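Everything numeric here is computed off the predicted structure, so don't read it as measured data. In this chain, residues are counted from 1 in sequence order.
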Amino acid sequence: MANKTIDHAITAKSLKSAASDPTHAGILSFMRRRYTKVLKDVDAVVWGIPFDAATSNRPGTRFGPQAIRRASAIMDNDPQYPFERDLFEDMAVIDYGDCLLDYGNHQKTPGTIEREAKKILKSGAYMLTLGGDHFITLPVLRAHTEKHGPLSLVQFDAHQDTWADEKGRIDHGSFVGTAVREGLIDAETSIQIGIRTHAPEDCGIRILYGYDVEEMSAAEIADAIIHHVGDRATYLTFDIDCLDPAYAPGTGTPVSGGPSSARILSVLRKLGALNIVGSDVVEVAPAYDHADITAIAGSTIAMYMLGLHAEALAERRG
């Protein structure tokens, strides 16, 4: 026990150090990363947006960031599978905590999120966002687009989220359509994976429907994504309801007929060729979960996103 510590999220002396907290104890930051608002010398930032006022079905995703952090405690010590490395040996990652939102004034929410996201991105760090419902991706995209220009969107989801909407309205089912109309994303180089519902328009985005995904191998799905997007600056967004409810029951609008977590994790592992500049995991609603099934899936997906970034950093640094 002499070399072990606890509450690594506040006691860590280095941003790159592994944690030794027991999985059943200690402060629950994402993968035990240090809780701090200091962005100096940080490679990647994990932050939460606990917002669910834009949901059209079951609420509760405001508790998503907490649930994902709690579930991530099982992954903080050993080299992370399947990346065969301690992700934090050479990559400085912090948990920035949550975005402070006024629950009584939702019209201020988009601006609040966008300003905080811009502050984080100004530091040069990669930003991984934990939702929250899927509306939160819209102001986050605005912040990323200011830095990178129009982005290609890779969206894992059961829903297209392209419904027409009134200007300024807050709805998690229309953020993609709004993003296309605002010029935040390039529809022709964007792709949606796992769609199992219909919307009035596709906005020109390529769709791999649920039945397509069911008949394709993970390698075929990944190849389709990479060939469609190419080397363009890409934002990766993952709505947990992309997964079948058997693997992600804890979400607001579950849709049967989706892929397994194993299938989609295998796809994510193969996306290293993409130029991913930001990412998020959204729509985890723990009140409808059982045994943390959905939270574990969400935290693992988030870890894969960090793993892809760790490999991209290693390649750039030689």
Side-chain angles (χ1 to χ4, degrees), residues 1-49 65-66 68-99 116-130 140 144 147 236 238 265 268-269 271-281 295-296 298-318:
M1 298 292 291
N3 296 322
K4 290 186 177 291
T5 61
I6 197 165
D7 297 322
H8 187 268
I10 59 172
T11 62
K13 297 180 180 179
S14 170
L15 297 182
K16 295 182 179 180
S17 59
S20 57
D21 298 58
T23 57
H24 57 273
I27 293 175
L28 293 171
S29 62
F30 185 78
M31 294 183 74
R32 310 287 190 179
R33 295 305 88 203
R34 182 191 290 177
Y35 264 127
T36 181
K37 301 291 187 185
V38 178
L39 295 164
K40 183 180 180 181
D41 299 325
V42 173
D43 295 315
V45 169
V46 182
W47 75 315
I49 305 180
Q66 288 182 349
I68 292 171
R69 286 183 174 108
R70 182 176 66 250
S72 75
I74 62 175
M75 297 185 295
D76 63 318
N77 289 322
D78 301 323
Q80 281 77 42
Y81 176 87
F83 296 95
E84 300 184 57
R85 66 172 70 203
D86 174 358
L87 299 185
F88 311 117
E89 183 176 358
D90 298 307
M91 181 173 66
V93 181
I94 64 168
D95 190 323
Y96 193 78
D98 288 340
C99 185
E116 194 77 11
K118 286 179 179 178
K119 178 182 177 181
I120 294 170
L121 293 175
K122 187 177 180 180
S123 73
Y126 179 92
M127 189 168 71
L128 166 59
T129 303
L130 310 178
V140 170
H144 278 86
K147 180 174 182 178
L236 174 61
F238 199 107
L265 288 171
L268 289 173
R269 182 66 186 95
L271 296 183
L274 294 180
N275 177 22
I276 302 171
V277 299
S279 59
D280 64 50
V281 182
I296 291 169
S299 66
T300 305
I301 290 163
M303 183 271 284
Y304 271 53
M305 291 172 172
L306 284 182
L308 291 172
H309 188 63
E311 292 182 333
L313 275 180
E315 184 174 346
R316 288 203 296 268
R317 293 169 174 173

(Q) Apply side-chain contact (heavy atoms from CB on, under 4.5 Å) to residues Glu311 and Leu313 and explain how you reach the verdict. (A) CA-CA 5 Å; Glu311 292 182 333; Leu313 275 180; over 6 Å; no
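- Of all heavy-atom pairs spanning Phe83 and Leu308, the tightest one is CE2-N, 3.7 Å.
- Shortest non-hydrogen contact noted between Ile6 and Ala25 is CD1-CB, 4.1 Å.
- Taken to the nearest 0.5 Å, the CG atom of Leu28 stands 9.5 Å off from the CG atom of Asp7.
- Under the salt bridge (charged side-chain N to carboxylate O under 4.0 Å, His left out) criterion, the residue pairs touching residues 87-96 are Arg69-Asp95, with sequence neighbours excluded.
- Between Tyr126 and His309, the ring planes lie parallel to each other; the angle is under 30°, not in the 30° to 60° tilted range.
- For the atom pair Tyr304 OH and Tyr81 OH, the distance stands at 6.0 Å (nearest 0.5 Å).
- When all heavy atoms of Lys147 and Leu121 are compared, the closest pair comes out as NZ-O, 3.1 Å.
- Met303 is not listed as a side-chain neighbour of Ile301, based on a closest heavy-atom distance of 4.5 Å or more.
- Residues Asp98 and Pro65 approach most closely at OD1-CB, 4.0 Å, considering heavy atoms.
- Atom OG1 of Thr129 sits about 6.5 Å away from atom NE2 of His144, to the nearest 0.5 Å.
- The side-chain heavy atoms of Cys99 and Trp47, taken from C-beta on, include a pair separated by under 4.5 Å.
- Of all heavy-atom pairs spanning Ala44 and Leu306, the tightest one is CB-CD2, 4.1 Å.
- To the nearest 0.5 Å, atoms CE (Met31) and CD1 (Ile74) are separated by 9.5 Å.
- Side-chain contact check for Arg33 versus Val46: every heavy-atom pair is 4.5 Å or farther apart.
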Q) Can you list the steps and then say if Arg34 with Thr11 is a side-chain contact (heavy atoms from CB on, under 4.5 Å)? A) CA-CA 8 Å; Arg34 182 191 290 177; Thr11 62; over 6 Å; no
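- With hydrogens and angles ignored, the 3.5 Å screen pairs a side-chain donor or acceptor of Arg32 with a backbone N or O of Ile27.
- With sequence neighbours excluded, the residues that form a side chain to side chain contact (heavy atoms under 4.5 Å, CB included) with Lys118 are Glu114, Ala143, Glu146.
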Q) Are Asp86 and Gln80 close enough, and set up right, to give a side-chain contact (heavy atoms from CB on, under 4.5 Å), and what steps lead you there? A) CA-CA 6 Å; Asp86 174 358; Gln80 281 77 42; 4.2 Å; yes
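- The side chain to side chain donor-acceptor pair (under 3.5 Å) check on Glu116 picks up Tyr96, with sequence neighbours excluded.
- Considering all non-hydrogen atoms of both residues, Ser123 and Leu39 come closest at CB-CB, 3.7 Å.
- The shortest side-chain heavy-atom distance between Leu128 and Val93 does not fall under the 4.5 Å cut-off.
- The neighbour count for Lys37 NZ, taken as heavy atoms of other residues, nucleotides or ligands under 6.0 Å away, is above 12.
- The closest side-chain heavy-atom distance from Asp280 to Ile49 is not below 4.5 Å.
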